[in-house]
Chemist: 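First the structure, which I've put down as C-alpha cells, then a few questions once you've had a look.
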Amino acid sequence: MSVKNRFFEWLKGPDFRTFLVFVGIAILILFIEKLHLEYNATIDYKISCKNIPAGYVIDESTISSAQVIVHGEGSKLLMLMHANNNREIEIDLSETRPQIRYNDKPRAVVLPRIYRKKIIESLPDGVKLEEVVSDTIYIPMLKQHKKYLPVRISTQTTLQPQHIYSRPTVLTPDSVWVSGTNNYLDTMTAVYTEKLPPIQLNDTYTTRFNFVLPQGVSCDYSDVEVKYFVEMLTQKDLQVPVTAIGVPNGYRMMTFPQSITVSFSVGLSNYEKIEANSFDIVADMSNITPGSSQRRIKLKIAHIPDNIYNINYSPISVEYLLERIGSTNDNEQ
C-alpha cells in the first residue's frame, strides 16, 4: 500500500479521531493559560444622564461615548467587553459644569474627572483603569415643548353575534399632554396605545392599554383606561298606525289596515323606551289623483328612532279609500 493510501486510511480510522481530541485539549489548555495572562484593552462606555435641567430633553443617541484603556486578566477583560450593562455609566447633570451656549444651543459639559471616577467604580475587581482616551464630553440639550393630543386605541375590538355597543367607548384620559422637542412633536397628531390581538366582547368590559411613545417624547401618563359598553340585542314587534300625507284638499283618506307590524332589534337598555309613536309610517298621496284606478299605495318610513337595527315592516303596501269630505254618496277609490 502506498504512503498516500495509508494516510487516507489513517484519516478514516480511530487513531485520527484520538489525535483530534488531544489537539482540542491542547488548544483549550493554551486558551485557558492565555486568559490568565494580563492585557490592555480599549473599551467604550455609553453615557446616560439623570437630573436633566427642567424644560430640556436630551437625545442620548447624540452623546459621545467615553473611551478608556483598562488592564487586567484576559478572562476578566473578556467578560467586561461582553457585559453591556457594565459598560454604561450614568452622569448626574447636577454635578456637571453649568450650561453654556454653543451656537445658540445649550449643552452640558462632562469633564474627564467626572466620568473617570464613574468608570473606576464600575470596573470589576482585578481590572484597573490605565488611561482615559476620550476628552471632555459635550451633551447637547434641546428645549422641551408641550402638545395636547387625543388618545387613540390601536387594539381592535369585535362583538359577538347579537351584541351592540350601548353607548360610546370611554377613555380615561381621552387626551394627554406630551413633552419633547419640536422635531418629534410636529409630526404627532395623536398618542397611540400598544397594539394587542383583537378583543371579542359580549358584555361591558374595562381594561388598560399602555402608551407607545416615540423616542424623545414623554407623557405624564403611562397608560389609559378604556371602558367598552356592550349589551345584547333583543327582538321587538309593535303595531304602528299609518299616517296619510299629501291628501288632496277636500278629501280624507283611510287605509286598510290602519296599522302595520314593525319588527326590529334593540338593545336591552332601550327596549322599554321604543314605542309605537317613536315611528312615523306614511302613505303619501302626493302623486295620486282622485279618481285614479290605483287601489294600493306603498308605505314609507318617514322616521325611525335611534339605536334600533334590522328593521322590517309588514305589509309594505295597503289598500286605501279616498273620500270626499261632506259627501255621503261620491266615494272614490
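All residue numbers refer to positions in the sequence shown, counting from 1. FYI, side chains are in, hydrogens and waters are out, and symmetry mates aren't considered; it's all heavy atoms of this structure.
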Chemist: So, does T243 use its side chain to make a donor-acceptor pair with the main chain of V282 at under 3.5 Å?
Modeler: no
Chemist: Mark yes or no for whether E194, through its side chain, and N210, through its backbone, hold a donor-acceptor pair below 3.5 Å.
Modeler: yes
Chemist: Is there any salt bridge (Lys or Arg N to Asp or Glu O under 4.0 Å) pair reaching into residues 278-293, and which pairs are they, with sequence neighbours excluded?
Modeler: none
Chemist: Quick check: are there more than 12 heavy atoms from other residues, nucleotides or ligands sitting under 6.0 Å from CD of Q156?
Modeler: no
Chemist: More than 12 foreign heavy atoms under 6.0 Å from OH of Y221: is that the case here?
Modeler: no
Chemist: I want to check something: taking the side chain as every heavy atom from C-beta on, are S179 and V217 in contact at a cut-off of under 4.5 Å?
Modeler: no
Chemist: Measure the spacing between OG1 of T157 and OH of Y228 and express it to the nearest 0.5 Å.
Modeler: 5.0 Å
Chemist: Side chains of E319 and R295: does their closest heavy-atom pair fall under 4.5 Å?
Modeler: no
Chemist: Which atoms form the tightest heavy-atom contact between I260 and S314, and what is the distance?
Modeler: CB-O, 3.4 Å
Chemist: Does some side-chain heavy atom of L149 sit less than 4.5 Å from a side-chain heavy atom of T189?
Modeler: no
Chemist: Just by distance, do the side chain of S286 and the backbone of G246 share a donor-acceptor pair under 3.5 Å?
Modeler: no
Chemist: Quick one: are Y115 and I89 in side-chain contact, heavy atoms under 4.5 Å?
Modeler: yes
Chemist: So, the side chain of R152 versus the backbone of A190: is there a donor-acceptor pair under 3.5 Å, distance only?
Modeler: no
Chemist: Do the side chains of I308 and K236 get nearer than 4.5 Å, heavy atoms only?
Modeler: no
Chemist: Please check if the number of heavy atoms outside N277 that lie under 6.0 Å from its CG is greater than 12.
Modeler: yes
Chemist: Please collect all salt bridge (Lys or Arg N to Asp or Glu O under 4.0 Å) contacts where either partner lies in residues 198-212, sequence neighbours excluded, each pair once.
Modeler: R208-D223, R208-E225
Chemist: Before giving the answer on side-chain contact (heavy atoms from CB on, under 4.5 Å), spell out for V266 and Y271 the whole-Å C-alpha distance, their side-chain angles and the decisive distance to 0.1 Å.
Modeler: CA-CA 6 Å; V266 62; Y271 186 87; 3.8 Å; yes
Chemist: What are the two closest heavy atoms between S265 and N310, and how far apart are they?
Modeler: OG-ND2, 3.4 Å
Chemist: Measure from the side-chain N and O atoms of S154 to the backbone N and O of T193, and report whether any donor-acceptor pair falls under 3.5 Å.
Modeler: yes
Chemist: In sequence, state the C-alpha distance, the side-chain angles, and the governing distance for F229 and T169, and then conclude on side-chain contact (heavy atoms from CB on, under 4.5 Å).
Modeler: CA-CA 6 Å; F229 296 90; T169 300; 5.9 Å; no
Chemist: Which distance, rounded to the nearest 0.5 Å, do you find between the OH of Y313 and the NZ of K300?
Modeler: 9.5 Å
Chemist: Nearest 0.5 angstrom please: T187 OG1 to Y184 OH, how far?
Modeler: 9.5 Å
Chemist: Any side-chain heavy atom of I304 within less than 4.5 Å of one from F264?
Modeler: no
Chemist: Measure the spacing between CG of L233 and CD1 of I164 and express it to the nearest 0.5 Å.
Modeler: 4.5 Å
Chemist: Between the side chain of S134 and the main-chain N/O of V68, is any donor-acceptor distance below 3.5 Å?
Modeler: no
Chemist: When you group the ILVMFWY residues by side-chain heavy-atom contacts below 4.5 Å and let the links chain together, are M232 and Y205 in the same group?
Modeler: no
Chemist: Quick one: pull up CG in N202 and OG1 in T158 and give me the separation to the nearest 0.5 Å.
Modeler: 10.0 Å
Chemist: Between Y148 and W177, how do the two ring planes meet: parallel, tilted or perpendicular, split at 30° and 60°?
Modeler: tilted
Chemist: In terms of hydrophobic clustering (I, L, V, M, F, W, Y; side-chain heavy atoms under 4.5 Å; direct or indirect links), are L129 and I114 co-clustered?
Modeler: yes
Chemist: Side-chain contact test, heavy atoms from C-beta onward, threshold under 4.5 Å: evaluate it for K227 versus T204 and give yes or no.
Modeler: yes
Chemist: On a heavy-atom basis, which atom in S278 and which in H303 lie closest, and how many Å separate them?
Modeler: O-ND1, 3.1 Å
Chemist: If I take atom CD1 from residue I91 and atom CD1 from residue I47, how far apart are they, to the nearest 0.5 angstrom?
Modeler: 5.0 Å
Chemist: Are L201 and L268 co-members of a hydrophobic cluster defined by side-chain heavy atoms under 4.5 Å apart?
Modeler: no
Chemist: With the side chain counted from C-beta on, respond yes when K118 and E90 share a heavy-atom pair under 4.5 Å apart, and no when they do not.
Modeler: no
Chemist: Applying the 4.5 Å side-chain criterion to the ILVMFWY set and letting contacts propagate, would I316 and V240 be lumped into a single cluster?
Modeler: yes
Chemist: Show, in sequence, the C-alpha distance, side-chain angles and deciding distance for T181 and Q144, and conclude whether the side chain to side chain donor-acceptor pair (under 3.5 Å) test is met.
Modeler: CA-CA 5 Å; T181 58; Q144 188 178 55; over 6 Å; no
Chemist: For V318 and P257, which heavy atoms make the closest approach, and how far apart are they?
Modeler: CG1-CD, 3.8 Å
Chemist: Among the clusters formed by ILVMFWY side chains lying less than 4.5 Å apart, do V151 and M188 turn up in the same one?
Modeler: yes
Chemist: Identify the heavy atoms of L238 and A276 that sit nearest to each other, and give their distance.
Modeler: CD1-N, 3.7 Å
Chemist: Mind listing the closest non-hydrogen atom pair of R252 and I325 along with its distance?
Modeler: N-CG1, 4.0 Å
Chemist: Could you go through C219 and V191, starting from their C-alpha distance and side-chain angles, then the distance that decides it, and tell me whether this counts as side-chain contact (heavy atoms from CB on, under 4.5 Å)?
Modeler: CA-CA 9 Å; C219 178; V191 175; 5.6 Å; no
Chemist: Keeping Y320 on the side-chain end and Q294 on the backbone end, is there a donor-acceptor pair under 3.5 Å?
Modeler: yes
Chemist: Decide yes or no on side-chain contact (heavy atoms from CB on, under 4.5 Å) for N307 and K273, but give the supporting numbers first.
Modeler: CA-CA 10 Å; N307 303 320; K273 300 176 183 178; over 6 Å; no
